[in-house]
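Handing you this structure, nothing more for now.
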Amino acid sequence: MDATAPILIFDSGVGGLTVLAEIRKLLPNAPLIYAADLAGLPYGEKSEAEIAARVAGLLGRMSERFRPRLITIACNTASTIALGMVREVLEVPIVGTVPAIKPAALQTQSGVVGLLGTSATIRQKYVDDLEANFAGGKVLLRHACPALVSAAEQKLRGEVPEPAVFRAAAQGLRGQPRGEEIDTVVLACTHFPLVEDELRAALGPGVEFIHGAEGIARRVAHLTQDNEFHREKPDFAVVTGPIDAAAGLDLAFREYGLEAVAQF
Ligand code: DGL
């Protein structure tokens, strides 16, 4: 294994930075490349076929270009739809990001768990299976909030998202039967931890948020435990589509240790 081989972290936009941050904590010496498919954002409003073809195609081309030792799909939408297929077509190990329903079900005291995700994620059989296998006897209330994806993208560009977006997300959960009993919310989209403070304020006290980033980082660390790492140049980001789309993101990328942005 080439010690300079990077770990590639992939998302449709800036959401995967929440996963990158946890990977960096555990593997500070690992060379990282962050890939944002800005030309495909938002995945949550696309069809399953479109997402699967896009993610498999892009990751294939990125693997050829960057020769990663491991790929993290830091996107619940892409993972719940395309993880199996991507694993079949690529030889590189792939770690996915899927809704943290299991820890939420173990943690809830009221027995009522909320789940916020994209429209595409919340309708997946993958999520039905996680609910059936790990949340038996609990109530799982799902709500799709694509507007939170845009809000997180805006926030990382230094803009202030419309507060009504967070109130609407909270109401989407609270307004369902037994919604007032929710004490645990699964953030089933990697963008959403970026607006956790705003969501906390909208949902009110007594709600715990759970997302998968720490668990994913532990999995990545485990799979690379015997690897040597050597960073020969600073970590960087690549974006699809016109580079202008990433113009406002330089500062955020630098805060996450990504020193340059290039077009893929
Ligand atoms: N960050 C992605 C996720 O975890 C989705 C955002 C999008 O809709 O593209 O689901």
Side-chain angles (χ1 to χ4, degrees), residues 8-23 34-59 71-86 94-101 104 114-127 130 142-157 161 165 168-169 172 185-196 198-199 209-217 219-220 237-241 245-246 249 252-253 256 264:
L8 179 74
I9 300 164
F10 176 86
D11 183 31
S12 54
V14 296
L17 292 172
T18 57
V19 176
L20 178 142
E22 297 300 328
I23 293 177
Y34 186 74
D37 182 13
L38 295 184
L41 180 78
Y43 281 3
E45 301 301 296
K46 292 186 161 49
S47 71
E48 280 72 0
E50 221 178 327
I51 294 166
R54 186 167 187 99
V55 172
L58 270 174
L59 289 181
I71 295 174
T72 302
I73 303 182
C75 173
N76 291 258
T77 312
S79 300
T80 54
I81 291 170
L83 191 55
M85 173 184 165
V86 174
I94 315 242
V95 176
T97 305
V98 299
I101 290 173
L115 183 145
L116 296 174
T118 66
S119 311
T121 296
I122 70 159
R123 64 172 181 255
Q124 293 312 308
K125 181 174 180 301
Y126 202 116
V127 179
L130 287 175
R142 306 180 195 185
H143 179 62
C145 27
L148 288 183
V149 175
S150 323
E153 292 281 332
Q154 283 177 319
K155 186 174 173 184
L156 261 67
R157 284 172 166 81
V165 162
V185 172
V186 180
L187 299 179
C189 169
T190 52
H191 279 74
F192 297 174
L194 297 169
V195 290
E196 188 171 320
E198 292 85 343
L199 283 171
F209 291 92
I210 296 198
H211 59 85
E214 283 173 29
I216 293 147
R219 179 80 190 133
V220 170
V238 291
V239 299
T240 59
L249 289 173
F253 281 147
Y256 284 86
F264 180 76

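Indexing begins at 1, ligand by ligand and atom by atom, following the structure's order.
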For this session: Pick whichever of N76, T97, V149, I51 has a heavy atom sitting closest to atom 3 (C) of ligand 1.
Result: N76
Problem set entry | For L41, the ligand 1 atoms whose distance to one of its heavy atoms is below 4.0 Å | 9 (O)
Exercise. Should Y34 and F253 count as side-chain neighbours, where that means a heavy-atom distance under 4.5 Å?
Worked result: yes
Exercise. Looking only at protein heavy atoms, which one is nearest to atom 5 (C) of ligand 1, and how far off is it?
Worked result: T77 OG1, 3.6 Å
Exercise. Relative to ligand 1, is T118 under 4.0 angstrom through side chain, backbone, both or neither, heavy atoms considered?
Worked result: side chain
Problem set entry | R219 atom CZ: more than 12 heavy-atom contacts under 6.0 Å | no
Problem set entry | Taking atom 2 (C) of ligand 1 as the reference point, the nearest protein heavy atom with its distance | C75 SG, 3.2 Å
Exercise. What protein heavy atom is closest to atom 6 (C) of ligand 1, reported as residue, atom name and distance in Å?
Worked result: S12 OG, 3.4 Å
Exercise. For the side chain of K46 and the backbone of R54, is there at least one donor-acceptor N/O pair under 3.5 Å apart?
Worked result: no
Seminar exercise, completed: Tightest non-hydrogen contact, residues A74 and T190, listed as O-OG1, 2.8 Å
Problem set entry | Protein heavy-atom partner closest to atom 7 (C) of ligand 1 - residue, atom, separation in Å | Y43 N, 3.3 Å
Exercise. Is a side-chain N or O of E214 found less than 3.5 angstrom from the main chain of E22, in a donor-acceptor match?
Worked result: no
Exercise. Any N or O of H191 that comes nearer than 3.5 Å to an N or O of ligand 1?
Worked result: yes
Problem set entry | Contact atoms of ligand 1, heavy-atom distance to D11 under 4.0 Å | 1 (N), 2 (C)
Exercise. Does the T97 side chain pair with the main chain of I73, one donor and one acceptor, at a distance under 3.5 Å?
Worked result: yes
For this session: Give the residue, atom name and distance (to 0.1 Å) of the protein heavy atom nearest atom 8 (O) of ligand 1.
Result: G44 N, 2.8 Å
For this session: Can you measure from CG (D11) to OH (Y43) and round to the nearest 0.5 angstrom?
Result: 7.5 Å
